[in-house]
Amino acid sequence: MVTAKVWVLKKHFEGFPKTSDFELKQIELPNLKDGELLLESVFLSVDPYMRPYSRRDMKEGDIMIGTQVARVVESKNPAFTEGVFVVARGGWRTHFISDGKNLQLLPSGWPESLPKSLALGTIGMPGLTAYFGLLKVCKMKPGDTVLVNAAAGAVGSVVGQLAKIGGCKVVGSAGSDDKVAYLKKINFDEAFNYKTVKSLDEALHKASPDGYDCFFDNVGGEFATAAIKQMKKYGRIAICGAISQYNESVPQKGPYVQVPMLFKELQMEGFIVTRWDSHREEGLKALLKWVVEGKVKYREHVTEGFMNMPMAFIGMLKGENIGKAVVKV
Ligand code: NDP
C-alpha cells in the first residue's frame with residue numbers, strides 16, 4: 001500500500017494566493033488493476049495558468065491541477081515499463097495511479113546528461129508556447145524586431161532565443177536587474193527592468209526607435225498599452241498571457257486598443273498552446289536539438305521539497321524565478 005501526499009485547494013484564491021489557501025493531505029492508494037501503473041513525481045511544475053484555471057476548473061477541496069515528470073514505479077500496463085520517465089497531468093501529488101492515457105514519454109534522443117525537469121520547461125509546454133506563438137501567431141521573419149515581456153521566465157526566455165535564431169532583433173523586459181543581466185547573457189539585443197525605468201514609453205522607444213514588428217505579450221495591462229502604441233504598421237501581437245491581471249479582484253480598465261490597432265492596421269491574436277497538440281512532437285524535437293547544440297540556453301529555479309509547492313507557486317507569481325520554476329520532490 002502506498003501513501004501519497006497531495007496538495008488540495010482549501011479555499012479559492014482571493015487576490016494574491018496565500019499558503020493558507022492550500023492544505024496538505026495524505027491518500028492511501030489502492031493496489032494496481034490490470035492496465036494501470038503507479039507513478040512517483042520527481043519534478044512538479046508551478047505555472048501561472050494555475051491561478052486563473054483554479055477558479056475556472058476547480059472547486060474547493062480538489063487536488064491542485066498541474067503537471068509533473070514522474071517515474072513509473074510499478075506497471076501492469078505493457079506500454080510502460082518500470083523505471084521509465086513520463087510527463088503526466090497528475091496534479092500536485094507525490095504518487096498517483098494512471099491508466100496510461102495522456103502520459104507522454106520524454107522525446108526520443110533525450111541525453112542522460114540533460115535534466116529531466118526541462119520536460120516541464122524549455123523542452124516542454126512553455127518551450128512549445130514560445131515556438132508556436134512566434135511561428136504561427138507572431139509569424140516572425142528574419143529582420144523583424146520582436147518584443148517580449150516576462151522575458152526572463154519560462155516562456156519569455158525561449159521566445160527571445162528562438163527569435164534570435166530566426167534572425168530577429170530582440171527586446172525583453174523583466175522585473176529585476178539580475179533578470180536583465182541574464183537576458184543580455186542569453187543574447188537579447190536590448191533589455192530593461194520595467195519596475196525601475198522612469199517611463200515604459202521611453203524605455204520601449206529607446207530599445208527600438210523604429211518600433212516593433214512582433215509583440216509576444218505575457219503580461220497584458222499597462223505594459224501592453226504602452227507596447228501597442230509603439231508597434232510598426234501591420235505589426236503582429238500574440239496574446240500569450242496576462243499575468244498582470246490574474247490576481248486582480250477588480251478587473252483593470254482601459255485605455256482601449258482600438259485606435260492604435262486601427263491606424264497601424266495591427267493584428268492581435270490570443271492563443272493557447274494546446275491548439276498545436278498535433279504538432280507537439282515536431283516542436284519538442286526542434287527544442288531538444290537547439291538545447292543539445294547549445295543554441296538555446298536554459299535556467300531553472302528549483303525549489304526543493306514537495307512540502308514547499310505552495311511557496312514555489314507563490315514565489316513564481318511574485319517573480320522570484322529566472323527561467324522555469326519547478327519543484328524537486
Ligand atoms: P514565468 O516563468 O515567466 O513566471 C512568471 C513571471 O511573470 C514572473 O517571474 C514575473 O517576472 C512575471 N510577473 C508576475 N507578475 C507580473 C506583473 N504584475 N507584471 C509583469 N510581470 C509579472 O511564467 P511562464 O513563462 O510559465 O508564463 C508566462 C506567461 O505566459 C503567463 O502569462 C502565462 O499565463 C502564459 N502562458 C500561456 C500559455 C498559452 O498557451 N497561452 C502557456 C504557458 C504560459 P518579472 O520579474 O519579470 O515580473
Side-chain angles (χ1 to χ4, degrees), residues 15-17 44-56 65-67 89 117-118 120-122 124-138 147-162 171-183 188 191-197 200 203 215-227 237-248 252 268-277 279-280 283 298-303 312-327:
F16 214 91
L44 291 115
S45 187
V46 284
D47 296 271
Y49 75 80
M50 293 166 178
R51 173 64 179 89
Y53 282 21
S54 64
R55 177 64 73 175
R56 193 192 70 174
I65 46 175
T67 52
R89 288 189 197 154
S117 47
L118 293 186
L120 302 173
T122 303
M125 182 278 282
L128 291 172
T129 305
Y131 181 83
F132 291 117
L134 269 177
L135 291 180
K136 307 280 190 194
V137 185
C138 279
L147 170 66
V148 57
N149 46 20
V155 175
S157 60
V158 182
V159 169
Q161 296 185 81
L162 296 191
V171 176
S173 83
S176 75
D177 292 345
D178 282 349
K179 291 186 180 189
V180 169
Y182 177 64
L183 296 180
F188 278 58
F192 63 87
N193 179 345
Y194 73 94
K195 289 185 180 165
T196 55
V197 289
L200 273 179
F215 170 32
F216 194 107
D217 188 12
N218 289 316
V219 169
E222 197 188 331
F223 189 101
T225 302
I237 300 166
I239 306 289
C240 172
I243 197 162
S244 71
Q245 285 152 267
Y246 297 163
N247 292 309
E248 302 271 336
Q252 292 177 13
M268 182 190 277
E269 182 179 343
F271 74 96
I272 302 290
V273 62
T274 46
R275 194 196 303 182
W276 298 282
D277 267 355
H279 296 279
R280 210 175 155 273
Y298 61 85
R299 193 150 150 187
E300 296 179 296
H301 182 87
V302 183
T303 301
F313 174 60
I314 293 167
M316 177 276 301
L317 290 176
K318 280 187 190 157
E320 286 171 4
N321 58 308
I322 294 186
K324 177 74 184 100
V326 291
V327 173

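Basis for what follows: all heavy atoms, side chains included, without hydrogens, waters or symmetry-related copies. Each ligand, and each atom within it, is numbered from 1 in the order the structure gives.
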Within-4.5 Å side-chain heavy-atom neighbours: Ser117 and Val302: no
Nearest-contact summary for atom 14 (C) of ligand 1 - protein heavy atom, Å: Leu317 O, 3.3 Å
Proximity of Val273 to ligand 1 by residue part, where a heavy atom lies under 4.0 Å: both
Residue part near ligand 1, for Thr274, under 4.0 Å between non-hydrogen atoms: neither
Side chain proximity check, Tyr194 to Asn149, heavy atoms < 4.5 angstrom: no
Short side-chain to backbone donor-acceptor contact, Thr129 and Val273, under 3.5 Å: no
Arg299 to Tyr182 six-membered ring, cation-pi geometry met (6.0 Å, 45°): yes
Student check: side-chain heavy atoms of Leu118 and Glu300 closer than 4.5 Å: yes
Nearest-contact summary for atom 23 (O) of ligand 1 - protein heavy atom, Å: Pro48 CG, 3.4 Å
N/O separation below 3.5 Å, Tyr49 to ligand 1: no
Heavy-atom neighbours of Glu222 CD exceed 12 at 6.0 Å: no
Under 4.0 Å to a heavy atom of Ala154 - the qualifying atoms of ligand 1, by number: 1 (P), 2 (O), 3 (O), 25 (O), 26 (O)
Residue part near ligand 1, for Met316, under 4.0 Å between non-hydrogen atoms: both
Residue Ala174 vicinity, atoms of ligand 1 by number, heavy atom under 4.0 Å: 47 (O)
Side chains of Thr274 and Arg280 in contact at under 4.5 Å (non-hydrogen atoms): no
Proximity of Phe223 to ligand 1 by residue part, where a heavy atom lies under 4.0 Å: neither
Atom 3 (O) of ligand 1 - nearest protein heavy atom and its distance: Gly153 CA, 3.3 Å
From the candidates Phe132, Tyr194, Trp276, the one that places a heavy atom nearest atom 19 (N) of ligand 1: Tyr194
Side-chain donor/acceptor of Gln252 to backbone N/O of Gly220, under 3.5 Å: no
Minimum side-chain heavy-atom gap Phe188-Val180 below 4.5 Å: no
Test of proximity, Tyr246 against ligand 1: N or O pairs below 3.5 Å: yes
Arg275 atom CZ: more than 12 heavy-atom contacts under 6.0 Å: yes
Heavy-atom donor-acceptor pair, Lys179 side chain to Asn321 backbone, under 3.5 Å: yes
Ring geometry between Phe132 and Trp276 (parallel below 30°, tilted from 30 to 60°, perpendicular above 60°): parallel
Plane angle bin for Phe223 and Phe192 - parallel if under 30°, tilted between 30 and 60°, otherwise perpendicular: parallel
Mode of Pro126 contact toward ligand 1 - side chain, backbone, both, neither (heavy atoms, under 4.0 Å): neither
Closest protein heavy atom to atom 18 (N) of ligand 1, given as residue, atom name and distance to 0.1 Å: Ser244 CA, 3.4 Å
Of the listed options Ser173, Gly124, Cys240, Gly241, closest to atom 37 (C) of ligand 1 (non-hydrogen atoms): Cys240
Backbone or side-chain N or O of Gly175 under 3.5 Å from ligand 1 N or O: yes
Contacting atoms of ligand 1, where contact means under 4.0 angstrom from a heavy atom of Val219: 19 (N), 20 (C), 21 (N)
Per-residue contact class, Met125 against ligand 1 - non-hydrogen pairs under 4.0 Å: side chain
Met125 side chain near Tyr49 side chain, heavy-atom distance below 4.5 Å: yes
Closest protein heavy atom to atom 11 (O) of ligand 1, given as residue, atom name and distance to 0.1 Å: Lys179 NZ, 3.3 Å
Ligand 1 to Val155 polar contact by distance, N or O atoms, under 3.5 Å: yes
Closest protein heavy atom to atom 32 (O) of ligand 1, given as residue, atom name and distance to 0.1 Å: Asn218 O, 2.8 Å
Any Met268 side-chain heavy atom under 4.5 Å of Phe215 side chain: no
Side chain, backbone, both or neither: Ile243 near ligand 1, heavy atoms under 4.0 Å: both
Top protein contact for atom 9 (O) of ligand 1, by heavy-atom distance: Asn321 OD1, 2.7 Å
Ligand 1 contact by Ala242, heavy-atom criterion under 4.0 angstrom: yes
Protein contact to atom 38 (C) of ligand 1 [nearest heavy atom, distance to 0.1 Å]: Thr129 CG2, 3.7 Å
